[in-house]
Amino acid sequence: MDANKYIEIQHAEMVFNTKKGSFHALADVSLNVAKGEFITLIGHSGCGKSTLLNLIAGLTVATEGALLCGGREIAGPSPERAVVFQNHSLLPWLTCHENVHLAVERVFGAKESKAQLKQRVTAALEMVGLTAAAQKRPHEISGGMKQRVGIARALSMEPKVLLLDEPFGALDALTRAHLQDELLGIVAATASTVVMVTHDVDEAVLLSDRIVMMTNGPKATIGEVLHVDLARPRDRVALAQDPAYVGYRSSVLEFLYHRQSRPVKDAA
């Protein structure tokens, strides 16, 4: 397996059949994601970002083309590709510990003891700083904490790929910034391969190794891919005055507001 092609998207097309006829959401999307790489998908609403993420997750199947992960075809959902949605999707009658335990039990329940499963849950909650909230239910914690439980649940499955669909989109600016910093630390510690959907330009530049910019739909495709060559670990305060950071941010804004409708090829 080529580590530079851990996720392979080959000429993917997605057409939805609706009551008003067919809707061509994605057209000829091709992209390779390296093992351990952090990719963000950005573009205007309706450009197919979440549709592409769902294809990688295996939640939907491409109308044409092929998608592979680790050299194997993506034919459906798998614990190897964990998804964190914008809505935390926690079960309200379960505690934080129990919500994470559901995922752990599903993946590891047949081969590990109850003590080992509990240890996995504890470790996942500790990773996102929620040990003290383990026995609380979703209505007893903040929105940011709920999202951290969702991230802990995904990480508890030890996925090879972490898929994030605007996980911080509904949060206030300070909570969002705090969770972005936490995510940077978690990804550094786990060496996860990450694909994240975002509308936030600053978030994309701060987190990414590459930013994949989508053209407007219908028939949305990849318009441009920007390589973000900023050293890690990254400090948001220091980067705010970094000319390279400012340049990357300007490049994304230029594409989104002036060139988003004219597809061009990735230079890499």
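These numbers were taken from a predicted model, which means no experiment stands behind them. Residues take their numbers from the sequence shown, with the count starting at 1.
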Chemist: Would you call R81 and I7 a side-chain contact if the rule is heavy atoms closer than 4.5 Å?
Modeler: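 Side chain of R81 against side chain of I7, heavy atoms only: no contact under 4.5 Å found.
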Chemist: Any side-chain heavy atom of R72 within less than 4.5 Å of one from E80?
Modeler: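 A side-chain contact under 4.5 Å exists here.
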Chemist: Nearest heavy-atom pair of V161 and C69: which atoms, and what distance?
Modeler: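 Answer, listing the atom of V161 first, then C69: CG2-SG, 3.9 Å.
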Chemist: Distance alone, cut at 3.5 Å: any donor-acceptor contact between the side chains of D165 and S50?
Modeler: yes
Chemist: Is there side-chain contact between I56 and V33, with heavy atoms separated by less than 4.5 Å?
Modeler: no
Chemist: Specify the closest pair of heavy atoms between R176 and D200, including all atoms of both residues, with the distance to one decimal.
Modeler: NH2-CB, 3.3 Å
Chemist: Just distance, no hydrogens or angles: give the donor-acceptor pairs under 3.5 Å from side chains in residues 101-109, sequence neighbours left out.
Modeler:
none

Chemist: Taking the side chain as C-beta and beyond, is there a heavy-atom pair between P167 and M196 under 4.5 Å?
Modeler: yes
Chemist: I need the minimum non-hydrogen distance between A154 and L162, along with the two atoms involved.
Modeler: CB-CD1, 3.8 Å
Chemist: Indicate yes or no: does R236 engage D202 in a salt bridge with an N to O separation below 4.0 Å.
Modeler: no
Chemist: Do the side chains of E158 and R120 get close enough for a salt bridge, i.e. N-O under 4.0 angstrom?
Modeler: yes
Chemist: So which heavy atom on C47 is nearest to which on K49, and how close?
Modeler: SG-CG, 3.2 Å
Chemist: With the side chain counted from C-beta on, respond yes when L184 and F38 share a heavy-atom pair under 4.5 Å apart, and no when they do not.
Modeler: no
Chemist: Side chains of R153 and N99, heavy atoms from C-beta outward: is any pair under 4.5 Å?
Modeler: yes
Chemist: State, yes or no, whether a side-chain contact exists between E13 and D28 at a heavy-atom distance under 4.5 Å.
Modeler: yes
Chemist: Take atom NE2 of H199 as the centre, draw a 6.0 Å sphere, and report whether it contains more than 12 heavy atoms from other residues, nucleotides or ligands.
Modeler: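 Correct, the count exceeds 12.
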Chemist: State, to 0.1 Å, how close A240 and V246 come at their nearest heavy-atom pair, and which atoms those are.
Modeler: O-CG2, 3.9 Å
